[in-house]
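Reviewing the structure listed below.
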Amino acid sequence: MVEQECQRWASKGINITYQIRENRTGYKAGALKEGLKRSYVKHCEYVAIFDADFRPEPDFLRRSIPFLVNNPDIALVQARWRFVNADECLLTRMQEMSLDYHFTVEQEVGSATHAFFGFNGTAGIWRIAAINEAGGWKDRTTVEDMDLAVRASLRGWKFVYLGDLQVKSELPSTFKAFRFQQHRWSCGPANLFRKMVWEIIQNKKVKFWKKVYVIYSFFFVRKIIAHMVTFCFYCVVLPLTILIPEVWVPIWGAVYIPSVITILNSVGTPRSIHLLFYWILFENVMSLHRTKATLIGLLEAGRANEWVVTEKLGDAVKKAADAAKNKNNAKAPRKLKFKFTDR
């Protein structure tokens, strides 16, 4: 479909080329590295990156490129994700809450204070000169986007996050797909922290406080400690206070502070504030998987470089249901069956 669409535009005189590689070596980083080797790239200054399920608006480039053209210090312009299937099920609603907080708070703050944040891997435009100066795409971890962002930042490049420039995308709607995605998103940053912490400390091109922000706030607190604290506190310490009388947590620590933190997580998605109770349970379950993945990344254990493509269903299920309804005397569409172990 993509190839046919490219051919259609090429027949109209548009300079467009369809490219694909024959193997998965290096996964996404390998694909991006291979793409930048093409002959036509030397005539380009910028590269826009979108995952397959992302649907940018026609005016995306007109709204983003001026930031790069008018400021030679900027290496990256990152757009915000919007989710077309957020209402599909409770799982997607929970993900929407977490990701909206990430964009509304974490990306916004990083952009406003230190001109640094982790590239989200898609819905962004890079200055090719910055990519080359930073050493190009590397496949040493499963977070090639974050790896490049940190290396470019250490060379003095700045990033801009545009909260009002939004790109439609899709959330994984099965728990199996979501779990594999979260393993990669938790394991990769921990593994990258292990490999880059000393390089960040020794760097002399960026200010001291920016290094503190990247090491302590960006990596240590948000990518490593957050998962472990959530798991240990909610899943170990609080249950022990009920089972063992000697274990005691003051009410401000057990109720007030966690409640404030939880409520703040809903600032990005006010419409889902009534789901906060379910979101807490959901995050507690995932904290176990994320803690495990973080430790695997830190220790560079067996699954540290595991890359499983996140399954996206698109609107295939909806189309199948609509097609079944349109048929006369058609039976209701069969529900997806799950194995007992998946449940």
Side-chain angles (χ1 to χ4, degrees), residues 29 94-95 97-99 101-111 113-114 116-121 138-154 159 178-203 206 208-238 253 257-258 260-262 264-265 268 279-280 282-308 310:
M94 300 296 102
Q95 293 176 70
M97 290 178 70
S98 298
L99 287 170
Y101 174 82
H102 165 69
F103 283 105
T104 305
V105 179
E106 294 176 346
Q107 298 295 74
E108 194 79 58
V109 169
S111 176
T113 55
H114 296 283
F116 170 78
F117 49 84
F119 173 45
N120 292 116
K138 294 186 178 181
D139 58 4
R140 56 181 174 174
T141 69
T142 56
V143 283
E144 75 299 318
D145 42 15
M146 188 182 296
D147 188 347
L148 176 62
V150 173
R151 284 185 282 115
S153 179
L154 293 179
F159 309 153
F178 177 67
R179 196 178 63 195
F180 277 123
Q181 182 197 64
Q182 292 303 299
H183 173 85
R184 190 171 76 245
W185 286 6
S186 301
C187 178
N191 192 226
L192 182 63
F193 178 70
R194 168 194 170 113
K195 293 176 177 177
M196 287 205 70
V197 63
W198 189 243
E199 183 181 341
I200 297 171
I201 292 172
Q202 289 182 311
N203 184 275
V206 297
F208 172 76
W209 288 113
K210 186 169 183 176
K211 288 196 279 187
V212 170
Y213 173 78
V214 174
I215 293 175
Y216 178 73
S217 178
F218 181 76
F219 273 117
F220 188 67
V221 173
R222 281 157 46 189
K223 308 300 181 186
I224 297 174
I225 293 300
H227 309 316
M228 299 180 183
V229 168
T230 302
F231 172 68
C232 292
F233 184 74
Y234 283 107
C235 303
V236 178
V237 175
L238 286 185
I257 292 179
V260 170
I261 293 173
T262 302
L264 288 175
N265 270 281
W279 182 82
I280 294 171
F282 175 74
E283 286 296 302
N284 289 347
V285 171
M286 292 312 302
S287 68
L288 172 60
H289 296 291
R290 289 170 181 151
T291 298
K292 176 185 169 186
T294 300
L295 292 174
I296 288 173
L298 282 174
L299 301 175
E300 207 160 20
R303 293 178 61 198
N305 291 310
E306 178 187 70
W307 185 297
V308 178
T310 304

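All heavy atoms count here, side chains included; hydrogens, waters and symmetry mates do not. For reference, positions follow the sequence shown, starting with 1.
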Shortest non-hydrogen contact between Arg194 and Gly297, atoms and distance: CD-O, 4.1 Å
Heavy-atom closest pair, residues Cys235 and Ser287: SG-OG, 4.2 Å
What side-chain donor-acceptor pairs closer than 3.5 Å can you find for residues 224-234, not counting sequence neighbours?
| unit_1 | atom_1 | unit_2 | atom_2 | d |
| --- | --- | --- | --- | --- |
| Thr230 | OG1 | Ala226 | O | 2.8 |

Approximate separation, where rounding is to 0.5 Å, of Leu154 CG and Asn203 CG: 4.5 Å
Side chain to side chain contact (heavy atoms under 4.5 Å, CB included) assessment of Trp279 paired with Thr262: CA-CA 9 Å; Trp279 182 82; Thr262 302; 4.1 Å; yes
Carboxylate-amine/guanidinium contact Arg151 Glu199, below 4.0 Å: no
Any donor-acceptor N or O pair under 3.5 Å, side chains Gln181, Trp185: no
Ring pair (Phe, Tyr, Trp, His ring centres under 6.0 Å) partners for Tyr213, two or more places apart: His114
Whether Phe193 and Phe219 hold their rings parallel, tilted or perpendicular, with breakpoints at 30° and 60°: tilted
Steps toward side chain to side chain contact (heavy atoms under 4.5 Å, CB included) verdict (Val285, Phe282): CA-CA 5 Å; Val285 171; Phe282 175 74; 5.9 Å; no
From NE2 (His289) to OG1 (Thr294), nearest 0.5 Å: 12.5 Å
Thr142 side, atom OG1; Asn191 side, atom CG - distance, nearest 0.5 Å: 7.0 Å
Note, Gln182 side chain near Arg290 side chain (heavy atom, < 4.5 Å): yes
Distance-only donor-acceptor check, side chains Gln107 and Asn120, under 3.5 Å: yes
Phe116 and Phe159 aromatic ring geometry - parallel, tilted or perpendicular at 30°/60° bounds: tilted
Ala190 backbone acceptor or donor facing Lys223 side chain under 3.5 Å: no
Atom of Thr113, atom of Val109 and distance for their closest heavy-atom approach: OG1-O, 2.6 Å
Inter-residue atom distance Thr141.OG1 - Asp147.CG, 0.5 Å rounding: 5.0 Å
Check: Lys195 side chain, Arg140 main-chain N or O, donor-acceptor pair, under 3.5 Å: yes
Lys292 NZ: over 12 foreign heavy atoms closer than 6.0 Å: no
Distance (rounded to the nearest 0.5 Å) between Phe103 CZ and Phe117 CZ: 9.5 Å
Short side-chain to backbone donor-acceptor contact, Ser153 and Val150, under 3.5 Å: no
Minimum heavy-atom distance Thr104-Gly268, with the two atoms named: OG1-CA, 3.7 Å
Distance (rounded to the nearest 0.5 Å) between Ile201 CD1 and Phe208 CZ: 10.0 Å
Val143 and Asp145: CA distance, side-chain angles, deciding distance, side chain to side chain contact (heavy atoms under 4.5 Å, CB included) verdict: CA-CA 5 Å; Val143 283; Asp145 42 15; 3.8 Å; yes
